[in-house]
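Nothing fancy with the numbering, it's 1 onward along the sequence.
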Amino acid sequence: TGGAAETTTPTSSTTMPGYSVAGANWTELSNWSVYFASGWGGDPTGSYKDGSLSDFGVYVEKGVSAAWAIQMKSKILDTVVGHTYTVKVNATYNKSDAPSIVFKDEGTQVSNTYNLANGNNTFEIEFTPTANNSQIFFDLGMLPSGANLVITGFTLTDKTEETTTEKETV
């Protein structure tokens, strides 16, 4: 996962109001970053709506049905090595085709696979970091053209101390 280290500068999009065209490879942003493969995986294209961990959108203009050809990743999360965490993400999806996605912590490689439903979706994983590199990734490579996935909530809970360090917003 991850693809090339090359990043691009976003430009305006006419596809979705409030969205910006994502460049090839990683478009690095403050909370979530988005990846559209270039030179492999069918060269998908799309756009994003930047915001917080609890407010971010990805729109697929050209879907390719190739694993990891479209990705999202969070910023590095504030976690403590040896503590156990639960990450819960809420999102809406605009189609009824039920593609599968992978939701994982990059540092531990703990992951779950989900089939998206039209409307509200919830993704959750529990992991125990072994290094200071906790980062949430989504494999969105199976999303079709016209798909819009919008993050509407994000919660990171330290199960060891039973505290929530990132609050979910609606």
Side-chain angles (χ1 to χ4, degrees), residues 1-78 87-95 97-107 109 111-118 120-125 133-156 166 168-169:
T1 62
E6 178 184 335
T7 60
T8 56
T9 304
T11 58
S12 294
S13 172
T14 57
T15 304
M16 292 283 291
Y19 280 59
S20 298
V21 172
N25 301 309
W26 282 109
T27 300
E28 298 286 349
L29 303 163
S30 299
N31 293 293
W32 291 103
S33 296
V34 66
Y35 176 84
F36 286 89
S38 176
W40 72 276
D43 295 314
T45 60
S47 53
Y48 64 91
K49 178 184 65 125
D50 197 13
S52 67
L53 284 172
S54 297
D55 180 23
F56 187 86
V58 174
Y59 178 77
V60 178
E61 291 170 20
K62 177 187 171 194
V64 294
S65 296
W68 297 104
I70 303 169
Q71 301 175 41
M72 279 176 49
K73 68 177 178 181
S74 72
K75 65 182 181 179
I76 301 291
L77 301 175
D78 186 19
V87 171
K88 181 178 174 182
V89 174
N90 296 323
T92 60
Y93 182 65
N94 69 327
K95 293 187 150 294
D97 54 349
S100 67
I101 65 164
V102 176
F103 177 63
K104 77 171 187 172
D105 169 55
E106 182 72 4
Q109 297 295 302
S111 67
N112 285 327
T113 300
Y114 293 90
N115 288 328
L116 289 174
N118 187 346
N120 296 322
N121 292 266
T122 300
F123 317 109
E124 188 171 325
I125 55 172
N133 62 350
S134 298
Q135 189 173 30
I136 301 304
F137 272 72
F138 280 94
D139 170 11
L140 304 176
M142 303 312 276
L143 296 186
S145 298
N148 191 27
L149 180 73
V150 179
I151 303 298
T152 59
F154 182 97
T155 307
L156 171 67
E166 296 282 345
E168 178 177 358
T169 59

Check your understanding: Applying the side-chain contact (heavy atoms from CB on, under 4.5 Å) test to Tyr35, which of Val58, Ile70, Asn25 qualifies?
Key -> Asn25
Check your understanding: Can you tell me if Lys95 uses its side chain to pair, donor with acceptor, with the backbone of Leu143 under 3.5 Å?
Key -> no
Revision key, fill the gap. Rounding to 0.5 Å, atoms OG1 (Thr27) and CE (Met72) come to a distance of 12.5 Å
**Study point:** CG-CG distance between Leu29 and Asp50, expressed to the nearest 0.5 angstrom
**Key:** 4.5 Å
Check your understanding: Could you state the interatomic distance from CG (Asn112) to NZ (Lys104), rounded to the nearest 0.5 Å?
Key -> 12.5 Å
Check your understanding: Under 3.5 Å, is there a donor-acceptor pair between the side chain of Ser74 and the main chain of Ile136?
Key -> yes
Point to revise | Whether Ser145 side chain and Gly63 backbone form a donor-acceptor pair below 3.5 Å | key: yes
Point to revise | Aromatic ring pairing Phe138/Phe103, orientation class (parallel under 30°, perpendicular over 60°, tilted between) | key: tilted
Study note, to complete from the structure: For Asn120, the side chain to side chain contact (heavy atoms under 4.5 Å, CB included) test, sequence neighbours excluded, returns Thr92
Review point. Listed by chain and number, what are the side chain to side chain contact (heavy atoms under 4.5 Å, CB included) partners of Ala69, not counting sequence neighbours?
Key: Ala37, Trp40, Pro44, Val64, Ala66
Exercise for review: Answer yes or no: is there a donor N or O on one side and an acceptor on the other, between the side chain of Asn94 and the main chain of Asn148, under 3.5 Å?
Suggested key: yes
Practice item. Apply ring pair (Phe, Tyr, Trp, His ring centres under 6.0 Å) to Tyr114 and list each qualifying residue two or more places apart in sequence or on a separate chain. Key: Phe123
Review point. Hey, what's the ring geometry for Phe56 with Trp32, parallel, tilted or perpendicular (30° and 60° as the breaks)?
Key: tilted
Point to revise | Glu124 side, atom CD; Asn90 side, atom CG - distance, nearest 0.5 Å | key: 9.5 Å
